[in-house]
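Below is one structure, written out as C-alpha cells; comments come after it.
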Amino acid sequence: MATANRKLCAQRSVLVVNIMSSPGAGKTTILEKTILELKPRMTMAVIEGDLYTDWDARRIESTGVPVYQINTRGGCHLDARMVRDAFERLKLREIDTLFIENVGNLVCPAEFDLGEDFRVVVCTTTEGNDKPWKYPLMFQQARAILLNKMDLLSQTDFNVREFEKALSSINSEAKIFFVSGRTGQGIDEWCRWLEEEVHKKKIACS
Ligand code: MG
Ligand code: ZN
C-alpha cells in the first residue's frame with residue numbers, strides 16, 4: 001500500500017513529508033508557521049493524525065490550506081491505508097507538498113511506511129539530548145531533524161553538541177535545523193530547504 005501511495009504521488013508530482021515527534025514537541029505549531037511562510041510560493045495540504053480530537057486540524061485549517069483529519073481512535077501511529085483513504089479526499093494534482101502530521105509517538109510510527117518521500121523528526125530542547133540514542137530507528141530514517149524550542153535553550157540543560165554527536169553517530173546524512181515554532185527562528189531556512197526538495201521532486205517526476 002505504501003508503494004502504491006508513493007507511485008500515485010510521483011504521478012501527481014506531490015512531495016509527501018511525514019512529520020514525527022513525541023507528543024508536545026510542536027509539530028502543529030511548526031506546520032502553521034511553515035504554511036504561512038510558504039503559502040505565497042506553493043500549494044500545500046495536510047493530513048492530520050491524532051488519537052482523538054480535531055483541534056490540530058482546525059488550527060491548520062485556519063491557515064487556509066486543505067486538511068484531512070484522521071482519528072486513530074487510540075491507535076498510536078498512522079498506516080499507509082489511512083493515508084490512502086485521505087488521498088481520495090484531497091486534490092493531489094493541485095498540491096505541491098503534502099504534509100502528514102503523524103501521531104505524537106517516537107516508537108511505532110517509525111515502523112510504518114506511509115509512502116512518503118521522506119521523514120522529518122521534530123525534537124525539542126526541553127527533552128533530553130540523548131533522544132537519538134534512545135529511539136534510533138526514528139532518527140536513522142529521518143532526512144531532516146528540526147530541533148524546536150530553541151528560544152528556551154538557555155533555560156534548559158540541553159547540550160546541542162551532544163545531541164549533534166548522538167545524531168551523527170546514528171544518521172550522518174540528516175540535516176538539522178534549529179528552530180522555534182514560537183518565535184519563528186529558523187523557519188525561513190527550513191522552508192528554503194523544503195522548497196528545494198519540492199523543486200527536485202518536480203524535476204524527478206517530469
Ligand atoms: Mg499536533
Ligand atoms: Zn503504534
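Counting starts at 1 for both ligands and their atoms, following the listed order.
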Worked verdict on Asn18 versus Asn102 for side-chain hydrogen bond (donor to acceptor under 3.5 Å, both in side chains) | CA-CA 7 Å; Asn18 181 1; Asn102 217 312; 3.2 Å; yes
Could you give me the CA-CA distance, side-chain angles and deciding distance for Asp56 and Lys27, then say whether salt bridge (Lys or Arg N to Asp or Glu O under 4.0 Å) is met?
-> CA-CA 10 Å; Asp56 287 0; Lys27 295 185 293 304; over 6 Å; no
Row for the Zn ion (ligand 2): angle SG (Cys76) to SG (Cys108), 10° precision, value 110°
Atom name of the N, O or S atom of Glu101 nearest to the Mg ion (ligand 1) is OE2
Looking at His77, the N/O/S atom that lies nearest to the Zn ion (ligand 2) is called ND1
message = Would Thr28 and Ile30 count as a side chain to side chain contact (heavy atoms under 4.5 Å, CB included) here? Give the steps.
response = CA-CA 5 Å; Thr28 310; Ile30 285 175; over 6 Å; no
- Message: I'd like to know if Lys200 and Glu197 make a salt bridge, using a cut-off of under 4.0 Å between side-chain N and carboxylate O.
- Response: yes
With rounding to 10 degrees, Asp56 OD2, the Mg ion (ligand 1) and Thr28 OG1 define an angle of 90°
